[in-house]
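First comes the structure, then the notes that go with it.
Chain naming here is simple, since letters A, B, ... match the order of the sequence lines and numbering starts at 1 in each.
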2 protein chains.
Amino acid sequence: MAEALAQTYTRADEAFDCLQTAIVKGDLAPGEKIGEVELCSRFQLTRGPLREALGRLESRGLLVRRPHAGVKVVSVSAEELMELYRIRETMEGLAARQAADRMTDEEIADLHATLDSHETMIEQAQGQAYYQAEGDYDFHHRIATGSRNTKLAQMLLGDLYYMVRMYRYRLSTSSGRPHMALGEHRRIAEAIAQRDGELAEFLMKRHINAARQNIEKKIQEGELTI
Amino acid sequence: MAEALAQTYTRADEAFDCLQTAIVKGDLAPGEKIGEVELCSRFQLTRGPLREALGRLESRGLLVRRPHAGVKVVSVSAEELMELYRIRETMEGLAARQAADRMTDEEIADLHATLDSHETMIEQAQGQAYYQAEGDYDFHHRIATGSRNTKLAQMLLGDLYYMVRMYRYRLSTSSGRPHMALGEHRRIAEAIAQRDGELAEFLMKRHINAARQNIEKKIQEGELTI
DNA sequence: GACCGGATGATTGTTGACAATAATATTGCC
DNA sequence: GGCAATATTATTGTCAACAATCATCCGGTC
């Protein structure tokens with residue numbers, strides 16, 4: 001995702017993006033220990049930028065790095081994944097509340113338009129997987145930025161989402177949820193449109209809580225191995 | 001703060017700590033633009049480790065770095081500082097709730113002991129400044145780790161606190177608050193001891209909200225310039 | 001006199017070689 | 001045969017030189 005201002009795209013940024021998507025997509029398996037030189041040859045990079053990228057990834061919690069012992073992709077347990085959702089619940093609730101106060105009318109219109117496109121997307125191609133992978137985060141993305149809370153958006157978009165995405169990528173289709181989720185999104189958007197911050201917060205928290213329970217159930221049923 | 005396991009303390013870590021404390025203490029003024037070579041000579045470092053530290057600091061949001069244009073310490077506006085407190089409110093509320101369920105009895109005993117030492121500290125030397133700068137965070141630190149929520153603790157301790165500390169450092173003494181704050185801490189600790197998560201969450205949110213309002217008032221009265 | 005274009009200078013980004021450290025394998029001893 | 005201490009090796013951490021990029025300054029032109 002290219003930021004609006006056309007900054008110089010340095011090798012370190014490239015390395016960072018490469019590794020990040022590789023981790024999210026699972027090309028670098030969790031728990032896998034891997035050396036720097038191997039990473040260099042695999043991603044056609046030199047060690048300088050790579051190391052800088054590794055440092056950034058480490059401070060974001062996507063990998064751990066022990067001196068003289070290589071880097072290792074973090075492996076998140078089922079409980080930790082649930083904890084991630086609990087954090088999301090409170091933080092996105094806050095984001096929704098602030099967004100209700102601060103989003104412009106245009107942004108709210110865009111939000112509704114986004115949901116319309118999601119609806120057709122789901123119907124057309126039964127594109128449940130796509131909806132989960134991209135569309136869902138599109139919605140949450142807009143609310144995070146709409147909160148006008150720089151640090152909150154940064155933490156949500158920069159830290160949490162990549163982590164959650166990493167574990168959502170493999171389960172992709174979660175059966176009935178997309179339709180449910182869309183309805184929940186709609187209601188949140190309505191609350192924001194009515195500038196009802198409290199309601200928006202409540203609905204958002206319930207929405208994420210439902211998603212968490214859905215995953216929890218699947219894990220317990222053994223449909224989903226972590 | 002030396003972590004339990006005696007890891008090799010690399011130059012990059014050193015650079016990171018140096019710069020971090022320099023930013024927090026205000027030796028590197030917010031908004032100040034500064035070159036890499038000057039930073040090297042000032043902190044007796046070489047550019048390699050320095051750059052790695054800069055990358056980490058950047059992803060933590062303590063400084064911004066435009067390619068070929070130098071690094072700049074972030075300058076947080078009064079509103080942004082308030083937003084930080086709003087984030088803390090929800091996140092630490094969650095931490096307190098989880099801590100009430102998950103802290104061991106020993107940890108709770110330690111928590112009370114910590115508060116006792118804070119009390120004597122405040123009385124003895126009228127050490128309000130010290131209490132604010134270190135002691136307060138000691139308490140919050142314990143609750144964050146007591147939540148047993150790795151990511152939550154990481155975000156609180158790694159990202160938010162340094163940012164808040166940076167702006168708390170200069171106001172240091174906030175008159176009557178230390179005694180008030182201690183009382184609030186006490187009540188939170190009691191709620192945790194009684195394993196009353198809901199109450200702990202409520203009290204923690206109110207505690208941080210009070211701190212926020214206190215700062216907000218000072219800013220409006222012109223006692224505090226940001 | 002103001003604005004635009006190009007040259008200069010400084011600063012950052014990148015690279016490859018070197019040194020230090022820790023993990024591993026080997027050898028000797030119990 | 002098992003354990004421990006040592007030597008080796010591979011990996012990471014560090015460094016200094018090089019190249020690319022941007023900001024600034026100067027001169028010319030409108």
Grab the [atom1]-[atom2] distance between [X] and [N] for me, whole Å please.
X: B:Asp13; N: C:dT21; atom1: CG; atom2: C1'; answer: 14 Å
X: B:Arg65; N: C:dT11; atom1: CZ; atom2: C1'; answer: 13 Å
X: A:Leu39; N: D:dG13; atom1: CG; atom2: P; answer: 13 Å
X: A:Glu36; N: C:dT21; atom1: CD; atom2: P; answer: 17 Å
X: A:Arg11; N: D:dT21; atom1: CZ; atom2: C1'; answer: 13 Å
X: B:Tyr9; N: D:dT14; atom1: OH; atom2: P; answer: 11 Å
X: B:Ile34; N: C:dT11; atom1: CD1; atom2: C1'; answer: 13 Å

Qualifying residues under side chain to side chain donor-acceptor pair (under 3.5 Å), relative to [X], sequence neighbours excluded:
X: A:Arg11; answer: none
X: A:Asp17; answer: A:Tyr9
X: A:Glu89; answer: none
X: A:Asp110; answer: none

Taking only residues two or more places apart in sequence or in another chain, which ones pass salt bridge (charged side-chain N to carboxylate O under 4.0 Å, His left out) with B:Glu216? B:Arg212

Identify, with sequence neighbours excluded, every residue that meets salt bridge (charged side-chain N to carboxylate O under 4.0 Å, His left out) alongside A:Glu32. A:Arg42

Between B:Glu58 and B:Arg66, does at least one N-O distance fall below 4.0 Å, as a salt bridge requires? no

Is the closest basic N to carboxylate O distance between A:Arg102 and B:Glu83 below 4.0 Å? yes

What pairs of residues pass the salt bridge (Lys or Arg N to Asp or Glu O under 4.0 Å) test when at least one of them lies in residues 45-57 of chain A, not counting sequence neighbours? A:Asp13-A:Arg56, A:Glu36-A:Arg47, A:Glu36-A:Arg51, A:Arg51-B:Glu52, A:Glu52-B:Arg51, A:Glu52-B:Arg65

Counting only non-hydrogen atoms, which of residues 47-58 of chain A are less than 4.0 Å from DNA chain D? A:Arg47, A:Arg51

Side-chain atoms of B:Thr10 come closest, of C:dT12, D:dG13, C:dT14, to D:dG13

Please produce a list of atom pairs where a protein N or O lies less than 3.5 Å from an N or O of nucleotides 23-25 of chain C.
residue	atom	partner	partner atom	Å
C:dA23	OP1	A:Arg66	NH2	3.1

Please tell me which of A:Leu45 and B:Gly35 maps to the more 5' nucleotide of DNA chain C, matching each residue to the nucleotide holding its nearest heavy atom. B:Gly35

